[in-house]
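Nothing fancy with the numbering, it's 1 onward along the sequence.
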Amino acid sequence: MSTVHPPEGTASADARDRPARLTVGVVGAGRVGPALAASLQLAGHRPVAVSGVSDASQRRAEKMLPGVPLVPPAEVLQRADLVLLTVPDDALPGLVTGLAETGAVRPGQLLVHTSGRYGVSVLDPALRAGALPLALHPAMTFTGSPVDVQRLAGCSFGVTAPGELRLAAEALVIEMGGEPEWISEESRPLYHAALALGSNHLITLVAQSMELLRTAGVGAPDRMLGPLLGAALDNALRSGDAALTGPVARGDAGTVAAHIAELREHSPQTVAGYVAMARATADRALAHGLLKAELAEDLLGVLADEGTGTGTGSAHGNGTGTDADDDENGPEGNDR
């Protein structure tokens with residue numbers, strides 16, 4: 001296992017001048033910070049302080065980091081060599097600026113944020129105060145329970161850091177059981193968008209699917225979906241677009257029209273999402289030669305009709321008819 005030796009004073013100092021074990025502080029006791037601190041504790045580092053505002057965050061800190069005192073953010077920085085800033089993305093710039101302006105940041109202190117959106121430039125105010133900036137984003141959803149520590153094993157981390165701190169950043173990730181993946185500063189927003197597209201939207205799609213199955217009379221939709229979604233995910237990760245299947249990839253316009261008609265009747269708020277995903281699937285299937293052009297015309301006609309508000313095709317036709325149900329589709333709604 002790699003050992004972390006953060007530099008003394010400046011990022012260019014010899015890392016071997018520092019002791020191997022670090023005192024660790026957490027600013028923001030949400031779901032992420034206590035789990036990372038607990039993981040670092042297993043690697044031999046010592047959590048010494050945590051801050052949290054809400055009752056829930058304080059209870060979480062006490063559960064995940066028993067015996068570690070709850071103190072204000074400035075005192076966390078005063079006590080710790082390594083500080084985890086685990087606050088929501090939108091709160092991070094203001095937090096960093098405030099800590100730097102109040103003199104809470106100490107020279108040579110490792111300051112780590114876990115935002116997927118930002119690289120290290122968001123830490124510039126702290127850098128000017130002498131801190132050593134790291135961006136370590138775990139590509140994982142967190143529950144706020146001890147199981148999160150186990151899930152970090154093999155978890156990829158999006159790592160961004162100054163070149164002279166790259167080894168220290170990667171070593172910290174490895175000590176937490178993760179796998180470092182280097183992300184350039186300018187690529188952080190795109191990287192984060194990709195993760196949100198895959199994970200956050202997946203939860204929305206699965207939740208909608210479960211609701212619809214319950215409406216259709218399925219007593220255990222989770223049990224029904226588990227093997228199906230597991231196989232679909234495995235196939236997608238292994239084969240990419242070659243794993244596409246189902247009525248859209250086959251060009252079954254009548255089936256897609258039937259789906260939309262049922263959704264408009266039983267769950268109109270899901271129609272917009274279904275149509276958007278069907279269009280994206282059709283585009284990818286066409287581009288990869290899975291959907292025949294002659295079958296795509298009727299299919300795209302069905303989806304275009306829905307998009308213009310003229311209704312979908314008849315559920316039993318080829319998608320060229322109109323649907324008498326003209327209810328408006330409600331907006332759909334999506335954590336870091």
Determine yes or no for a side-chain-to-main-chain donor-acceptor pair under 3.5 angstrom, with Q41 supplying the side chain and P47 the backbone. no
Quick one: side chains of residues 212-224, donor-acceptor pairs under 3.5 Å with protein atoms, not counting sequence neighbours, listed by atom name and distance.
{"from": "T215", "atom 1": "OG1", "to": "E211", "atom 2": "O", "distance (Å)": "3.0"}

Give the table of side-chain donor-acceptor pairs shorter than 3.5 Å for residues 152-160, with sequence neighbours excluded, one pair per line with atom names and distance.
{"from": "T160", "atom 1": "OG1", "to": "I183", "atom 2": "O", "distance (Å)": "2.6"}
{"from": "T160", "atom 1": "OG1", "to": "R188", "atom 2": "NH1", "distance (Å)": "2.9"}

Test your reading of the model: is there a side-chain donor-acceptor pair from Q109 to the backbone of L77, 3.5 Å cut-off? yes
Short question: side chain of E175, backbone of L40 - any donor-acceptor pair under 3.5 Å? no
Min side-chain heavy-atom separation L303-V248 under 4.5 Å: no
Charged N to carboxylate O under 4.0 angstrom, R46 versus D81? no
Is it the case that the side chain of T86 and the backbone of G28 share a donor-acceptor pair, with hydrogens and angles ignored and the cut-off at 3.5 Å? yes
Less than 4.5 Å apart, side chain to side chain, heavy atoms only: is that true for L132 and L134? no
Can you check whether D90 reaches P88 side chain to side chain, under 4.5 Å on heavy atoms? no
What I'd like to find out is whether the side chain of T245 reaches to under 4.5 Å of the side chain of R250, using heavy atoms alone. yes
Ignoring hydrogens and angles, tell me if any N or O in the side chain of D148 forms a donor-acceptor pair with the backbone of T143 under 3.5 Å. yes
Taking S184's backbone N and O only, do any of them form a donor-acceptor pair with S187's side chain (distance below 3.5 Å, no angle check)? no
With a 4.5 Å limit on heavy-atom distance, are the side chains of E170 and W182 in contact? yes
Determine, for R128 against E101, whether the closest basic-nitrogen to carboxylate-oxygen distance falls under 4.0 angstrom. no
Looking at G25, is its backbone amide N or carbonyl O close enough to the side chain of R79 to form a donor-acceptor pair, meaning the two atoms are under 3.5 Å apart? no
For F142, does its backbone N or O pair with a side-chain atom of R31 as donor and acceptor, under 3.5 Å? yes
Any side-chain heavy-atom pair from L286 and L300 closer than 4.5 angstrom? yes
Measure from the side-chain N and O atoms of H113 to the backbone N and O of G119, and report whether any donor-acceptor pair falls under 3.5 Å. yes
Test item: R106 side-chain N/O and A80 main-chain N/O as donor-acceptor pair under 3.5 Å: yes
Less than 3.5 Å apart, which donor and acceptor atoms pair up between the side chains of residues 229-237 and the rest of the protein, not counting sequence neighbours?
{"from": "D234", "atom 1": "OD1", "to": "R238", "atom 2": "NE", "distance (Å)": "3.1"}
{"from": "D234", "atom 1": "OD2", "to": "R238", "atom 2": "NE", "distance (Å)": "2.8"}
{"from": "N235", "atom 1": "ND2", "to": "A231", "atom 2": "O", "distance (Å)": "3.2"}

